[in-house]
Amino acid sequence: MGLAVLMFYLYDVSYEVVGKEPHILLWGIDEVGNRVVIRDRGFRPYFYVVTSSDVELTRVVNEIRRLSSVKSPIINVEVVPKKLFGRPLNVIKVTTTVPESVREYREAIRKVGGVADVLEADIRFSMRYMIDKGLFPCSWFEAEVSEIRKHPSIAVTKEYELVGEFKPLNIHKPPHIRVLAFDIEVYNPRGVPKPERDPVIIISMMNSEGDVKVLELSGDTVKNDSRIISEFMDYIQTYDPDVIVGYNSNRFDWPYLIERSKVLGIRMDVGRVRDGVPRTSVYGHISIPGRLNVDLFDFVEEIGEIKVKSLDVVAEYLGVMRRVDRVLVPWYEISKYWDDLSKREVLIRYAVDDVKSTMGIAEKILPFAMQLSSLTGLPLDQVGSASVGFRLEWYLMRSAYRYSELIPNRVERFYEPYKGAIVLEPVKGVHENIAVLDFTSMYPNIMIKYNVGPDTFVEYDCSDELCNVIPEVGYKFRKDPPGFYKAVLETLLNMRKAVRELMKEFPQDSVEYRVLDERQKALKVLANASYGYMGWVGARWYFRQGAEAVTALGRDIIGKAIEIARELGLRVIYGDTDSLFVSYGPPVERFIDLVMDRLGLEIKVDKIYRRIFFTEAKKRYIGLTVDGLVDIVGFEAVRGDWAEIAKEVQELVAYSILAEGSVSKAVDLVNNVIRELREGRIPLDKLIIWKTITKPLSDYEVSSPHVSAARRLLDMGGRVEVGDKVGYVIVKGGGSISSRAYPYISVRAEDIDADYYIDHQIVPASLRILEYFGVSEKQLKTISRGVKTLFDFSRRG
DNA sequence: GCACGATTTATACCA
DNA sequence: ACTGGTATAAATCGTGCG
C-alpha cells in the first residue's frame, strides 16, 4: 500500500454512487497483466447555463443557488468563460452532487428568468469524466495512485484510488487481452424459439488461447438447461475474459440467455461486479459490468462487399474459414439435428465451427474497433453499436472541450433537402485507355479550404478578401480564424499523416504496424464522415447551409476541372462527384498540375482502364484494368438483390465482351444458361433473391415479393425483423410475382418458375450490356449462330 | 370493366 | 440510423376506350 505510479491500459469506465458520493471506476490492465480498478472519488457532475445577452449574470447565479435541494445539493455555481459557435461568452457552470440529479436541475433551471439554454447536461457522467481528464479507452496511461483494500464486490486483482493526474503514454501495443467468443444453439421445433418454452441446447465457446469448450444439454431430455447456462457463467468467471464476442449477440444470444435465465430463475452473473448482470444500454448494445461485450455483426454490417452477412459467408470472405471446410446446419433444422441422435454430433460440430469463425472474425476486426474506440473515446462495447454519425460526434465533442467550445444540444429539426453532387452523362460505348482521376478527400478538403461551418458563416456584407463566397448558393464564410470543422479536420488529416509516417518505423509484420494501420484507417473514416454529418438533421453540429456550400463547391470544382481537361485536349467520358474519366495520355500529368495550381486541390490517377464500357446509364460501367481484371460498377452483378445465376451470367458477359472482345461467346453462354434453367439444372440456391426488410411488415404500402415472402416466413413460424434479409424464389403459377414469391427454404426445385428467371433475371441482366451490341432478347432465348466480335462495334457510339 | 401507360413504392447502389 | 444522385423492378393508380 502507499503511493505509486501505475501504468495501465484503460479499457472501460463506469461509476457507482456510494452514499451520496459518485465514484468513477476506471477498468484497466496494468503492465504485468493484472486486472485493476482505479477509483476516483473527486469528480462531480456539472453543466452550463447560457443566459440571454441582456441579463445580469449574478442574479441568475443567485436564483440557481436557491434551487439547491438537500437531497442532492448544488455544490458550486460559477461564471466561466467559454465559446459558443466561436463566439466568446461568459456562462454559468453548475456543479451538483450525483449524476442522477442533473436532469431535474436542468429542467428547473430552464424555467429561471433570463436563462436562454442549458448545455452539456445530457452527457453521461463516465463520458464526461473521460473527456475532462483526457482519457481514451483502448490506450495506455500513467497515474499516481494509492492502493486501497479491494472492494469485495469487484472481481479484479487490485484496486487503487486516484491521487494525481493522468498522463497519456505513447505505447501502441495493447496488453494481452483475454477474448472469449461464444455462440448458442436453441431448440426450435416450431420455428422461432421462445425463451419461455425452448431450452438452450448447446453453448460453444472459444478463448484467445485457442481452447474450445462445448456445453450441451445432457441426455435425451430437452428440459432444464439451467446446468449449461450455469456452466457457461462459471466458465466466464473462471477464464475471466476482458472482451466477450459474439455474432449478432446483442440481438439474439444475450437477450435469449437473459430471458431464459429469468424463466429458469438463474441470476446471469457474468460481469466483474457482483450482481452486475448484462443489460441493454446505449445504442442498443448489451453491457456487462467490467467486461467489454462486442457484437461483431455491428462491424460486419459496414462491409459493403458482403451482401448476405451470415456468419459462414463472412468468415469465408475474411479468410477465416472456408464454407466447404465446415459444417452447416440451416436454422430451421437445428431441432431435427438435435433430436436425431445420429445427427447430434454434426450439430455440435456446427456449433464449434460457428464459434471458431466468430473468434477468427474477432481477430480480424477487433484491432480496427479498438482504434475507433481510442479515437472517438467510445468504449469498445459501444463503438460498434453507435452509428457513424455518433462516432464522429463523440470525436467532435472531445475536440470542442479542448477548444473551450460549448457542445450544442441535440435538437429536433425539420428535414430540409438540398442539392448534392453532380453526375455527368456518360459517353456510351466502348472506350480504350481511360484514366480515372479522383480528387483526394474532396469534401473534407473543401471544408478546410473554404472554412465551412456554422461558426464561420456570415450573413452581413463581406468582401471577397475577407470571405469565401460560395458559387451558386452565395453563402459566405469568413476566411479567418479557422472554424471548428476546419480545425478538427486539419487535426484529423495531420494525425493520419503522422501515423502513416510512424508506421514506416516498424516492420510490416509487427503488432505496432498493424495497430497504426488500423488507426490511420479509423482516422480516414472519421474525416470522410464530416460532410455527411454536417448535413444530418440529427447532428449537434448540423448546418444545412454548410453542407449545401460543400456540394455547390464540389460541383463548381468538377466543372472547372472539366474545362481544364478540355483545354488540354483530354476527352472527358464520365464523372461522378469527385472523379473524372478521361482519355489517358501525356496531358494527364499536366492536367494534375494545372488542377492543383488553379483550383488548389489535389487530383490523382486512381485507376487506368485498358477498355471501359458505358451504357447510357449513370453510375454503371464495366472496365478492364491493366492487370486484366474486369471491374463491374453499379450493375446487377454487384447488387445483392439479384439471383446469383443472373449475376454470374452478367459477369461472364462482361468478361467476354471486355477481355475477349466476343459478343457471340457472350450470347452463347447466355443461351446455355437459359437452356439449363429450362431443364431445371440450375441449383436452387443460385435462384434465391435476397432483399432487406426495412420496416415492420405492417408498414408496407405495397406487397412486393420480398414482403410477401417474409409474411409466409412468419406463417411458417419463422422470424423476420427489421434489417433482416429475406431470401425468396419465384414459383410456377398464375397471378402477380408477389403471389408466387416464397421463402427459399419452403420450395422444391421442381416448383421453380424458370420463365420468371429467364425473363426477369437472366435476360435483363445480360441485355443490360449486350443490347448496345445489337443483341436482342430473341437471340438470347434461341440458339444462336454467326460470330460477331467487339471489333464490329468499336467505332460506334 | 379493362388494358396499358404513368406514377408510386421500394431497394441498393455510387461517390 | 452521415449526405444526395441514380437505376431499376414491381405494384398500383389513373385514364381512355367503348
Side-chain angles (χ1 to χ4, degrees), chain A residues 283-284 298 301-302 304-305 307-308 385-393 395-396 415-426 436 438-444 447 525-544 546-552 554-555 558 574-581 606 615-621 631-643 646-647 689-695 699-708 710 722-723 725-726 730 735-741 756 759-761 764-765 767-768:
Chain A
Y283 310 121
D298 288 333
E301 250 186 327
E302 291 163 29
E305 293 91 325
K307 312 294 175 184
V308 180
S385 357
S387 68
V388 175
F390 286 115
R391 291 176 193 168
L392 176 63
E393 189 156 81
Y395 184 81
L396 294 176
Y415 165 70
E416 297 169 280
Y418 62 91
K419 228 167 130 182
I422 189 162
V423 187
L424 304 186
E425 209 72 57
V436 182
D438 275 345
F439 280 95
T440 42
S441 303
M442 188 194 230
Y443 285 179
M447 289 168 76
V525 166
L526 288 179
N528 286 344
S530 55
Y531 149 74
Y533 173 84
M534 186 164 61
W536 169 40
V537 283
R540 289 176 191 266
W541 279 276
Y542 170 69
F543 191 55
R544 196 210 73 232
E548 224 178 330
V550 171
T551 55
R555 293 191 300 270
I558 275 284
Y574 177 64
D576 184 350
T577 311
D578 62 351
S579 68
L580 284 178
F581 292 54
D606 178 53
T615 66
E616 56 286 316
K618 295 171 174 182
K619 297 194 180 275
R620 297 187 149 199
Y621 53 87
D631 270 354
I632 302 183
V633 179
F635 282 108
E636 288 75 7
V638 295
R639 292 180 63 101
D641 57 350
W642 281 72
K647 304 204 296 177
I689 298 163
W690 294 92
K691 269 203 170 82
T692 311
I693 295 294
T694 60
K695 52 188 173 189
D699 288 5
Y700 278 92
E701 298 192 35
V702 291
S703 185
S704 17
H706 74 299
V707 175
S708 136
V722 173
K725 276 203 159 63
V726 174
I730 305 299
S736 68
I737 292 164
S738 279
S739 68
R740 296 184 283 120
Y756 170 83
D759 295 333
H760 291 80
Q761 294 277 324
L767 229 41
R768 202 82 65 206

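The sequence lines fix the lettering, A, B, ..., with proteins before strands; numbering per chain opens at 1.
Between the OH atom of A:Y700 and the P atom of C:dA9 there is a distance of 19 Å, given to the nearest Å. Put simply, CD1 on A:I632 is 16 Å from C1' on B:dA12, counting in whole angstrom units. The distance from atom CG of A:D578 to atom C1' of C:dT3 is 13 Å, rounded to the nearest whole Å.
At least one side-chain nitrogen or oxygen of A:R768 sits closer than 4.0 Å to the OP1 or OP2 atom of C:dA9. For B:dA15, the OP1/OP2 oxygens have no side-chain nitrogen or oxygen of A:K618 closer than 4.0 Å. Remark: A:K619 is not in phosphate contact with C:dT6, judged by side-chain N or O atoms under 4.0 Å from OP1 or OP2. An OP1 or OP2 oxygen of B:dC14 is reached within less than 4.0 angstrom by no side-chain nitrogen or oxygen of A:R639. In this structure, A:H706 does not reach the B:dA10 phosphate: none of its side-chain N or O atoms is under 4.0 Å from OP1 or OP2. Of the side-chain N and O atoms in A:S738, one or more sit less than 4.0 angstrom from OP1 or OP2 of C:dA11. Contact between the side-chain N/O atoms of A:T694 and the OP1/OP2 oxygens of B:dT11 is found at a separation under 4.0 Å. Between A:Y415 and the phosphate of C:dA1, there is no side-chain N or O to OP1/OP2 separation shorter than 4.0 Å. Under 4.0 angstrom from either OP1 or OP2 of C:dT8 there lies at least one side-chain N or O belonging to A:R620. Between A:S703 and C:dA10 there is no side-chain polar atom (N or O) within less than 4.0 angstrom of OP1 or OP2.
Using a 4.0 Å heavy-atom cutoff across all strands shown, A:F635 reaches no nucleic acid atom at all. Within 4.0 Å of A:W541, counting heavy atoms only, lies no atom of the nucleic acid at all. In this structure, A:Y574 reaches neither bases nor backbone, as no heavy-atom distance under 4.0 Å exists between it and the strands shown. Counting any heavy atom pair closer than 4.0 Å across all strands shown, A:S736 reaches sugar-phosphate atoms only and no base atom. Among the atoms of the strands shown, none is found under 4.0 Å from any heavy atom of A:Y443. The residue A:F439 sits apart from the nucleic acid: no heavy atom pair falls under 4.0 Å. The residue A:V707 sits apart from the nucleic acid: no heavy atom pair falls under 4.0 Å. Residue A:A529 is in base contact, counting any heavy-atom pair closer than 4.0 Å across all strands shown. As judged by a 4.0 angstrom heavy-atom cut-off over every strand, A:V550 is placed among residues making no nucleic acid contact.
Each of B:dA10, B:dT11, C:dT8 was ranked by its minimum atom distance to the side chain of A:A617; first place goes to C:dT8. You'll find that the side chain of A:S387 is closest to C:dC2, out of C:dC2, C:dA7, B:dT9. Side-chain atoms of A:Y418 lie closest to C:dT3 of the nucleotides C:dT6, C:dT12, C:dT3. Nearest nucleotide to the side chain of A:D576, out of B:dA15, B:dA12, B:dA10: B:dA15.
Between A:M534 and A:V550 there is a side-chain heavy-atom pair separated by less than 4.5 Å.
Stacking of A:K618 on the aromatic ring of A:Y574 is not recorded, the 6.0 Å distance cut-off and the 45° axial limit not both being met.
If you find the closest nucleotide of DNA chain C to A:A421 and to A:G532, the one lying nearer the 5' end belongs to A:G532.
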